[in-house]
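Heads up, the thing below is written out as structure tokens.
Order of the sequence lines sets the chain letters (A, B, ...), proteins ahead of strands, with each chain counted from 1.
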Number of protein chains: 2
Amino acid sequence: MEQRRADNIAEALEERIFNGTYPNGERLDEVRLAEQFGVSRTPLREAFQRLALSGLVELIPRRGAFVRQPGPIELMEMFEVMSELEAICGRLAARRITEEALAELRDANSKCKAAVAANDTDRYYTENERFHRVIYRQSGNGFLEQEAAKLHKRLKPFRRQQLRFRGRMGQSMAEHEAIVAALSAGDSDRAGQVLRDHVAVQGEKFHHLMASLKSAAE
Amino acid sequence: MEQRRADNIAEALEERIFNGTYPNGERLDEVRLAEQFGVSRTPLREAFQRLALSGLVELIPRRGAFVRQPGPIELMEMFEVMSELEAICGRLAARRITEEALAELRDANSKCKAAVAANDTDRYYTENERFHRVIYRQSGNGFLEQEAAKLHKRLKPFRRQQLRFRGRMGQSMAEHEAIVAALSAGDSDRAGQVLRDHVAVQGEKFHHLMASLKSAAE
DNA sequence: CTGTATAGTTTTGTATACAAAAAAGTTGAC
DNA sequence: GTCAACTTTTTTGTATACAAAACTATACAG
């Protein structure tokens, strides 16, 4: 992309929005953040634009930048699209996947299992992401790969929540193995179906989590 | 989004890139364009950022902004993704579509036909776009609707080319009717299938066009 | 004649200054 | 005491000025 400073600032702000430092609807003060980062307003405004295009902040003309956390409905919608994108990747990958990539999928899976055993969640996420990225790549469609990766990244902080469900990690691992099986068999439809369900269930779990949090708050 | 000026400039530049005023790889000169639009470099740089995020220009650090027309391979990839997105919209819409929306689809179709008869291509595109937008909307998934509309817009200038094929307009209209039939029957899978093919064939036609242009040039 | 180093020019990235619009605060009328 | 109009303050949008990096061209060595 472009220069280094605005990029770093955008990343830093993104991180803060993801981890909840800034609550939803918070206005991002240009001058305050500018002196916080030790730069002028110009690079900050460029960073805002990037965040706006990836949907993390809303830029209201002559008002400023406001953080925009997606609500439960939008999140469900995003999970639905994600599951369909993964299904497409899977369908395409089943026909084109290389032996090398299949080996990498198995490797990522075994490392995932090790991470589950060691209760190392960070390690789990890293390998899980590698698993999915390989499938995006093996779709053989670079544009699709990019779009899938973009949405994957955007949903990352929410996907994390849903893994707290008891037994979900184990179930997820079983699904991963079914995915590898379908891909190595070259079964296009089944690979798509299994991947769709694998991601869709994440959305559902997330939905349950939201509902239980809401009812607990009442 | 944000202010008015950068937005207008982004739109104007987008238009110029679409209609081929700027060839691929052309560097967009900040100062030259700034005086051309009668503004300073600041709004122009903001416009560049927007164009970069929608993929029309590439921003190389300390080098500048370069227009980036997608090559034939990338275009085919984009058409492939578009056809899948439309298929998803169709599958979802078949279950949820309202009578009102079905009526609008039929209306758009008949106006399309009239435009074909009158050889009014602009009118044809307008109504065609309305047709597809209704389906995106009726998917009931706002996020999906946005993403589909975004990609639709990006492919617009290329879709136009492909309609020059003799008989393509008539065939396209027949496909539209098949889509409406599947949707009004509530046949989810068939709606998805028909929509996928309808868009995929556009990609293929485009591919043929590119190939014939290339061979003609040799 | 070719390749490299260096001086000069152009162009981008950033800071600051200024103008216009929105928000906040104040005064006054009812 | 409440509401409205006006003034003040804050904040955004834009222009300009300056610094740093990249490109160009020229001179010089081999």
Requested in this report: Check for a donor-acceptor pair, side chain of R154(B) on one end and backbone N or O of S54(B) on the other, with a separation under 3.5 Å.
Outcome: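 Such a contact is found between R154(B) side chain and S54(B) backbone.
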Requested in this report: Just call it for V39(A): base, sugar-phosphate, or nothing, with non-hydrogen atoms closer than 4.0 Å on any strand.
Outcome: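 Result for V39(A) = sugar-phosphate.
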To the nearest angstrom, how far is [X] atom [atom1] from [N] atom [atom2]?
{"X": "I9(B)", "N": "dA15(D)", "atom1": "CD1", "atom2": "C1'", "result": "13 Å"}
{"X": "L33(B)", "N": "dT14(D)", "atom1": "CG", "atom2": "P", "result": "16 Å"}
{"X": "E30(A)", "N": "dT14(D)", "atom1": "CD", "atom2": "P", "result": "12 Å"}
{"X": "R50(B)", "N": "dG13(D)", "atom1": "CZ", "atom2": "P", "result": "10 Å"}
{"X": "Q49(A)", "N": "dT14(C)", "atom1": "CD", "atom2": "C1'", "result": "16 Å"}
{"X": "E46(A)", "N": "dT12(C)", "atom1": "CD", "atom2": "P", "result": "13 Å"}
{"X": "F48(A)", "N": "dT14(D)", "atom1": "CZ", "atom2": "P", "result": "16 Å"}
{"X": "R32(A)", "N": "dT10(D)", "atom1": "CZ", "atom2": "P", "result": "16 Å"}

Query - For F18(B), all residues meeting ring pair (Phe, Tyr, Trp, His ring centres under 6.0 Å), sequence neighbours excluded - result: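 Listed in chain order: nothing, the list is empty.
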Distance below 4.0 Å between [X] side-chain N/O and [N] OP1 or OP2:
{"X": "R63(B)", "N": "dA21(D)", "value": "no"}
{"X": "R5(A)", "N": "dG13(C)", "value": "no"}
{"X": "R45(A)", "N": "dG13(D)", "value": "yes"}
{"X": "T42(A)", "N": "dT14(C)", "value": "no"}
{"X": "R27(B)", "N": "dT12(C)", "value": "yes"}

**Report entry** Greater than 12 external heavy atoms within 6.0 Å of H207(A)'s NE2
**Finding:**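 For H207(A), atom NE2 is not crowded (no more than 12 foreign heavy atoms under 6.0 Å).
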**Report entry** Donor + acceptor pair across side chains of S139(B), N141(B) (<3.5 Å)
**Finding:**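 No.
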Query raised in the report: H132(A) and E86(A): side-chain donor and acceptor closer than 3.5 Å?
Result: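 Side-chain D/A pair, H132(A) to E86(A): present.
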Report task. Measure from the side chain of R62(B), starting at C-beta and using heavy atoms only, and say which of dA21(D), dA22(C), dT16(D) lies closest. Result ->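 Nearest to the side chain of R62(B) among the choices is dA21(D).
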**Report entry** Candidates dG13(C), dA15(C), dT11(D) - which lies nearest the side chain of R41(B)
**Finding:**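 Closest nucleotide among those given: dG13(C).
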